[in-house]
Protein chains: 2
Amino acid sequence: MITIKDIAARLQVSPSTVGRALADDSRISASMKQRVLEVAGEMGYVANRAARMMRGVSSNLVGLVVPDIRNSFFSTMAHALSKCLEQEGYQLTLSETDDDRQTELRQIRELTSANVAGIIIVPSAKPHAETVRLLGMTPHIQLLRKHAALGEQWFGIDDYQAVYQPTRHLVELGHRRIAYIGSLGELPTGGARVKGFRDALALAGGDGQGMEQLGAPGSREFARDALRGLLAQPQPPTALVTGSVLHTFAVLEELWSSGVDVPGQLSVAGFGDELAFRWWGPGLTTVALPVSELATACGLWFVHRMKQKSANSAPYSSITPPTLIVRGSTRPVGPAAA
Amino acid sequence: MITIKDIAARLQVSPSTVGRALADDSRISASMKQRVLEVAGEMGYVANRAARMMRGVSSNLVGLVVPDIRNSFFSTMAHALSKCLEQEGYQLTLSETDDDRQTELRQIRELTSANVAGIIIVPSAKPHAETVRLLGMTPHIQLLRKHAALGEQWFGIDDYQAVYQPTRHLVELGHRRIAYIGSLGELPTGGARVKGFRDALALAGGDGQGMEQLGAPGSREFARDALRGLLAQPQPPTALVTGSVLHTFAVLEELWSSGVDVPGQLSVAGFGDELAFRWWGPGLTTVALPVSELATACGLWFVHRMKQKSANSAPYSSITPPTLIVRGSTRPVGPAAA
DNA sequence: GTGAAAGCGCTAACAA
DNA sequence: TTGTTAGCGCTTTCAC
């Protein structure tokens, strides 16, 4: 392994001169820089990252912290970010939290100890105080979900609209008993989505009857059980809105396997725009969310922020709006169901 | 940032004692280890990787190199590996190649210069010579795809069976004009799959007529075009087998949007076991591949290999068999199509 | 402009 | 069983 000492010896100068020349320090003469660069190239010098990092310089690692990479939301983001950061010489590391605050803390600890240049995180519902502290010491950006405690740089979708739009669509179709299966309100996104649901339902006036089923964001089981419970009621809902991709998948699976007639018996509006939603039953009415674009914007911003060395954590939020896609799974409330 | 010195000071012992206790050195008394661990946890101590690496210990980074993380095959693997490696204190880094050998080389360069502990790679069709050389210097395991040049440690599925089984299934249903849409033979997996197709088709004797359409593994466009071409023929196939997840998705999409009658007009057998395959049209007959299990096995093996410090690159291959799942998209060849 | 020297946090030889 | 000490390769004062 060639070190700056080797180069220094070869050039009969001190190691610090070489180090400075390599760092393009303004105090070093152009000719010296020239010679150093030449010899370095010739000897096949490669900077020792570990040593550099020990001196406080952060690595080229960027930590991506998500609940579960198998969720297409997050793998799409990972892809977009990877593309974006790679161009600038950053390496993406992957950490999964399972939406568990302890796991999240462990991961953040790992990342900070690895001296990452920054962290892009989809935070859990209630990050640990220690997590907050550690993130405070590292440049970081929140993705999708936002916690005030974790700073003011955030890239997300308009969660409110993402549920408001499909719900309003159903209300306009005449539905009054509308169910919502989604994430708990303790998640900031969960809260906004529930609010979107309620506000849209309020458009129906006094007739509107919301049936909310809120559970863990990653739990398919919860969604299936919630759906069964709803359908078993004496006055089951005539329409259903889901508030997360995983819940949508679970609901589609359950509806499919239990043979519920959609939209005859139940109108359904999903969340996210998976390819398969198109061919599910009559085609699923759903909200498309520009996840890839969002992640790219986040990556660009991150790079931009890293370039200006000064600790920049100026508040910045980007909210991307969703798009309602109407397919066959929603239709006007029928006389039978009315 | 808490260092071993802080712990040492708190415990009134020397830093080396703490270091040794943390490293579970046999010379340290159990009670001391106990106390150190306790205080370390309490103070939120996190080892400084950079410092450790400088002492020659390789990093705790493991590079995962895949074509595209959005492919559920690969995100499933990333998840399983992450879980597996995290327990042993490893951090997974993500690199995408787009199945391009130049990109692959760049990524491998990055990883080796970052001193990764090892690399788990789904190699591209024809890795660059430099890639081969660099991988030779780093512990690595091939996943899914296998190149002789990249060593003898490999975890994969039985590609041959994965296509042989569905094809035989179709032959047994009486189909004779069977098409195959899959990856090019230049990929080792692609070759085995094509062979599986041909061998199964041979069971039909002289009547069997294979129609092979081979293209880039990641190209949806190719698969759609290939399907259109097949259906436009004067004597279109009565059955279709796909040889990769992405091609399967593309085919399902195309069949769905062009309104082809499955299985009336065409029997279809897919590749992989996506949740959505169940509810596509009449339910897709497909081969389930134990991707998660495969990745876990690979992760365990990696950890095992790392533990025994000696450079161990003894050949090891693990081949996991697929399972055919018969649903509604395949049926005996009808009189109209015969 | 350049050199000398002091560490960064950790591990590992050498002492005790 | 534990303490002392010397670096790993680099950056960064402080001298000159």
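A, B, ... follow the sequence lines: proteins, then strands. Residue 1 opens every chain. Because only heavy atoms are used, hydrogens play no part in the values below, and waters and symmetry mates are left out as well, while side chains stay in.
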Subject >> Phosphate contact (D:dG9 OP1 or OP2) by A:Thr3 side-chain N/O below 4.0 Å >> reply: no
Original post:
On DNA chain D, nearest-nucleotide positions of A:Tyr45 versus B:Ser29: which is more 5'?
Top reply: B:Ser29
**OP:** Indicate whether any N or O donor in one side chain lies under 3.5 Å from an N or O acceptor in the other, for B:Glu104 and B:His128.
**Re:** no
Original post:
Is a donor-acceptor pair below 3.5 Å formed from side chain A:Arg55 to base D:dG9, judging by atom type as modelled?
Top reply: no
Subject >> Spacing between A:Asp6 atom CG and D:dG9 atom C1', to the nearest angstrom >> reply: 10 Å
**OP:** State which of D:dG3, C:dG9, D:dG7 makes the closest approach to the side chain of B:Thr17.
**Re:** D:dG3
Original post:
How long is the line joining NZ of B:Lys5 and C1' of C:dC10, in whole Å?
Top reply: 9 Å
Original post:
Rounded to whole angstrom units, what separation is found between the CD1 atom of B:Ile2 and the C1' atom of C:dG9?
Top reply: 13 Å
**OP:** Side chain of A:Arg27 only, please: which of D:dT13, D:dG9, D:dC10 is the nearest?
**Re:** D:dT13
**OP:** Grab the CD1-C1' distance between A:Ile28 and C:dT2 for me, whole Å please.
**Re:** 6 Å
Subject >> Ion pair B:Arg145/B:Asp99, N-O distance below 4.0 Å >> reply: yes
Subject >> Whole-Å gap separating P (D:dT4) and CD (B:Gln12) >> reply: 12 Å
Original post:
D:dT11 phosphate, OP1 or OP2: any side-chain N/O from A:Arg52 under 4.0 angstrom?
Top reply: yes
Original post:
Rounded to the Å, how far apart are A:Asp24 CG and D:dT11 C1'?
Top reply: 15 Å
Subject >> Pair of N/O donor and acceptor under 3.5 Å linking C:dG3 base with A:Arg20 side chain >> reply: yes
**OP:** Give the ring-plane orientation class for A:Trp301 versus A:Phe155, where under 30° counts as parallel, over 60° as perpendicular and anything between as tilted.
**Re:** tilted
Original post:
Roughly, in whole Å, what's the span from CG in A:Leu11 to C1' in C:dG3?
Top reply: 15 Å
Original post:
If you measure from the Lys or Arg side-chain nitrogens to the Asp or Glu carboxylate oxygens, is any gap between A:Glu130 and A:Arg101 under 4.0 Å?
Top reply: no
**OP:** Grab the CG-P distance between A:Leu22 and D:dT11 for me, whole Å please.
**Re:** 8 Å
Original post:
Could one point to a donor on the side chain of B:Ser16 or the base of D:dT4 with an acceptor on the other under 3.5 Å away?
Top reply: yes
**OP:** For A:Ala50 and for B:Met32, find the nucleotide of DNA chain D with the closest heavy atom, then tell me which residue's nucleotide is more 5'.
**Re:** B:Met32
**OP:** Taking atom types as modelled, find out whether B:Asn60 and B:Glu88 have a side-chain donor-acceptor pair closer than 3.5 angstrom.
**Re:** no
Original post:
Checking all strands, does A:Met53 fall into the base, sugar-phosphate, or nothing category for heavy-atom contacts under 4.0 angstrom?
Top reply: nothing
